[in-house]
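Here's the structure, in structure tokens; my notes come after.
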Amino acid sequence: MIPYKKQAYKLLHQGAIALAQVEGNGIQIDTDYLKKCIFKTEKKIEKLKHKLEQGDVAKKWKRVYGWKTNFNSNDQLGKILFDHMGIEGGVLTKSEKQYQTDEKSLMAVNHPFVKRHLQIKKLQKALATYLKGIQREVVDGFLHPFFNLHTTTTFRSSSDSPNFQNIPVRDKGMGKLIRTAFIARPGRQLVELDYSQLEVCIAACYHKDPVMIEYISDPEKDMHRDMAMECYLLSAKQVTKDSRFYAKNCFVFPQFYGDWYIDCARALWEAITTADLKTEKGTPLKEHLAKQGITELGNLDPDEKPRKGTFERHIQQVEKRFWQERFPIYDKWKKHWYSKYLGQGWMLTKTGFICQGFMKRNEVINYPVQGSAFHCLLWSLVRLVKEIKKRKMKTLIIGQIHDSILADVPPEELDDFLVLAQDVMTTQLVKEWDWINVPLSIEAEVCPVGGSWVDKEDVEIPK
DNA sequence: AAACAGTGCGCG
DNA sequence: AAAGCGCGCACTGTTT
């Protein structure tokens, strides 16, 4: 992909300058905490490793591998579990060179040794990639991650040394361990501004599906709740926060990215057990589905027509209705956009970039959306950096994560900054780019003075 | 010693 | 016919 329109070139040029300033500003790190945390985590890992090595499985492992024994080796782990211990259900990786030993596969093994092994692996990830990775890059108490505009195929950004765009947050324990190290400058506070469902909005700018635009524009409507109702056969009242969450992440988003019913059905079905999904009155969803004639998952065999009464068949029908009845215009756009690419071998994004070369169908559908969504953030960041300078504010932009901005703000500037950011990111941006045909909105999170990045809390943006 | 492929895992 | 997109980083094990 190369910048094509003059506007596209200009955006990257100004973006590079603004991001260089962001890099220069840097993020303050609580180096004392970091040091102590590394020490503690190392001790914890040592203890767990010691316990692990006492057990029978470890002894067997040492007998088999002798001096080559390496408890970090996934290849060895797989062979010990599935070949030497005879545990059933080992699955080979795509290249068939070793067994799959990712967290999900191993959870299915359900063995105390494996549980401890996973726990150690998680802590080692936290220690090696994050705690030590951050410490290695700190200079005079500040971290200066790079933000690149020249590395990705979609013309999103990337970040490295360290990567600021994948700091743990979903796992609460891990999030706390790492994010406690990220602090604001003395007497100031961290502020994070996120676009709400930016990629969904930008996709709508391409396909212009009126039903989707309605979902985005009407705060009363809720796409993920509606799909939870369909996937799990619930009434609006019966949908819980959890069932909505899994409908969103196992069906809606995967469908937007080009997934298909087989994998969606598997994920939705597994979620019922692993997340203990129930109706609002507490009926387990498997029981609830059984009452409506769905008693099993099905074989999930692509070459086989799904049988009646299987969840697989149900989701196949949900998928069909999703594209043919709920979002037919979106569906048509996908087909048209792809066939246009097949005809000419390239495509032009809303932000003026050309994507060219060999691309798979799902890539053709996704690249323009992903790129343009990030360009909304980049344009806003450029404008914000300029406005802050013009107004002689002390606020500093210190990072960016695809659809969000992190700033280090003095409390006396907080309200002004929130108002300014909202104006730039929603009103000014939409004014600048007339192809944006849906309202954009942002959410703000603020950390207390003296707190750290873990302590962020939602705040209302003043009018 | 350096480079490479493969696997896994963190984020949007 | 294919079957979810984009990244960076650590680590194993092999090849150069």
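Atoms considered below: every heavy atom in the structure, side chains included; atoms not considered: hydrogens, waters and symmetry mates. The model shown is predicted, which means the values in this text are computed figures rather than measured ones. We name chains A, B, ... by the order of the sequence lines, and we start the count at 1 in each one.
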Legend entry - Salt-bridge present (A:Lys121, A:Glu103; N to O < 4.0 Å): no
Legend entry - Verify stack between A:Tyr257 ring and C:dG4 base, 5.5 Å, 30 degrees: no
Legend entry - Upstream residue (5' side of DNA chain C) when A:Ala128 and A:Pro302 are each assigned their closest nucleotide: A:Pro302
Inset, instruction - Remember a base hit wins even if backbone is also touched, and classify A:Val369 as base, sugar-phosphate or nothing at under 4.0 Å, heavy atoms. - result: nothing
Inset, instruction - Provide, to the nearest angstrom, the distance between the CD1 atom belonging to A:Ile120 and the P atom belonging to C:dC11. - result: 15 Å
Inset, instruction - Give A:Gln76 one of three labels, base, sugar-phosphate or nothing, depending on what nucleic acid heavy atoms sit under 4.0 Å from its own. - result: sugar-phosphate
Legend entry - A:Ile202 CD1 to C:dC5 C1', straight-line distance once rounded to whole Å: 16 Å
Inset, instruction - State which of B:dC11, C:dG6, C:dG8 makes the closest approach to the side chain of A:Thr151. - result: C:dG8
Inset, instruction - Just say parallel, tilted or perpendicular for the rings of A:Phe353 and A:His375, cut-offs at 30° and 60°. - result: parallel
Inset, instruction - Looking at every strand, decide which applies to A:Glu199 at a 4.0 Å heavy-atom threshold: base, sugar-phosphate, or nothing. - result: nothing
Legend entry - Phosphate-side-chain proximity, A:Ser158 and C:dG8, N/O vs OP1/OP2 below 4.0 Å: yes
Inset, instruction - Decide if the gap between the ring center of A:Tyr195 and the ring center of A:His402 is smaller than 6.0 angstrom. - result: no
Legend entry - Nucleotide of C:dG13, B:dC9, C:dC5 approaching A:Asp75 most closely (side-chain heavy atoms): C:dG13
Legend entry - Interatomic distance where CG belongs to A:Asp171 and P belongs to B:dG10 [whole Å]: 7 Å
Inset, instruction - Give me the ring orientation class for A:Trp453 and A:Phe164: parallel if the planes are under 30° apart, tilted from 30 to 60°, perpendicular past 60°. - result: parallel
Inset, instruction - Compare every heavy atom of A:Asn249 with every heavy atom of A:Pro254, then report the nearest pair and how far apart it is. - result: CG-O, 3.4 Å
Inset, instruction - Determine the interplanar angle of the A:Trp435 and A:Tyr206 rings, folded into 0 to 90°, and report it as parallel if under 30°, tilted if 30 to 60°, perpendicular if over 60°. - result: tilted
Legend entry - Proximal nucleotide (of B:dG10, C:dC5, B:dG12) relative to the A:His402 side chain: B:dG12
Inset, instruction - Determine the contact category for A:Ser159: base if any of its heavy atoms lies under 4.0 Å from a base atom, sugar-phosphate if only primed atoms, P, OP1 or OP2 are that close, otherwise nothing. - result: sugar-phosphate
Legend entry - Closest non-hydrogen atom pair between A:Thr426 and A:Ser441, with its separation: CG2-CA, 3.8 Å
Legend entry - A:Gln98 side chain, from C-beta outward: closest of B:dC11, C:dG8, B:dT7: B:dT7
Inset, instruction - Give the nucleotide from the list C:dT12, B:dC11, B:dG10 with an atom nearest to the side chain of A:Ser73. - result: C:dT12
Inset, instruction - Just compare C:dG13, C:dG8, B:dG12 and give me whichever is closest to any side-chain atom of A:Asn70. - result: C:dG13
Legend entry - Nearest heavy atoms of A:Phe311 and A:Cys231, plus distance in Å: CE1-O, 3.4 Å
Inset, instruction - Select base, sugar-phosphate, or nothing to describe what A:Ser404 touches, counting heavy atoms under 4.0 Å on all strands. - result: nothing
Legend entry - Rounded distance (Å) that lies between atom P of C:dA3 and atom CD of A:Glu319: 14 Å
Legend entry - C:dT12 OP1/OP2 closer than 4.0 Å to side-chain N/O of A:Asn72: yes
Legend entry - N/O donor-acceptor pair, side chain A:Asn166 with base B:dG10, under 3.5 angstrom: yes
Inset, instruction - Compare side-chain N and O positions of A:Ser95 against OP1 and OP2 of B:dT7 and report whether any pair is under 4.0 Å apart. - result: yes
Inset, instruction - Figure out the CZ/P separation between A:Phe164 and B:dG12, and round it to whole Å. - result: 11 Å
Legend entry - Dot-bracket line, read 5' to 3' along DNA chain C, where crossing pairs take [ ] and | marks a partner on another strand, Watson-Crick or G-U under 3.5 Å: ....||||||||||||
Inset, instruction - Looking only at side-chain atoms of A:Val169, point me to the closest of C:dT12, B:dC11, B:dG6. - result: B:dC11
Legend entry - Whether A:Tyr338 and A:Tyr341 hold their rings parallel, tilted or perpendicular, with breakpoints at 30° and 60°: parallel
Inset, instruction - Compare side-chain N and O positions of A:Thr152 against OP1 and OP2 of C:dC7 and report whether any pair is under 4.0 Å apart. - result: no
Inset, instruction - Between A:Asn362 and A:Asn148, just flag the one whose closest nucleotide in DNA chain C comes earlier from the 5' side. - result: A:Asn362
Legend entry - Any N/O donor-acceptor pair, A:Arg170 side-chain to B:dG10 base, under 3.5 Å: no
Legend entry - A:Arg156 side chain near C:dG8 phosphate (N/O to OP1/OP2, under 4.0 Å): no
Inset, instruction - Would you indicate what A:Gln100 reaches in the nucleic acid, counting non-hydrogen atoms under 4.0 angstrom: base, sugar-phosphate, or nothing? - result: sugar-phosphate
Inset, instruction - Compare the minimum distances between each of B:dG10, C:dG8, C:dG13 and the side chain of A:Lys122, then state the nucleotide with the smallest one. - result: B:dG10
Legend entry - N/O donor-acceptor pair, side chain A:Gln370 with base C:dC5, under 3.5 angstrom: yes
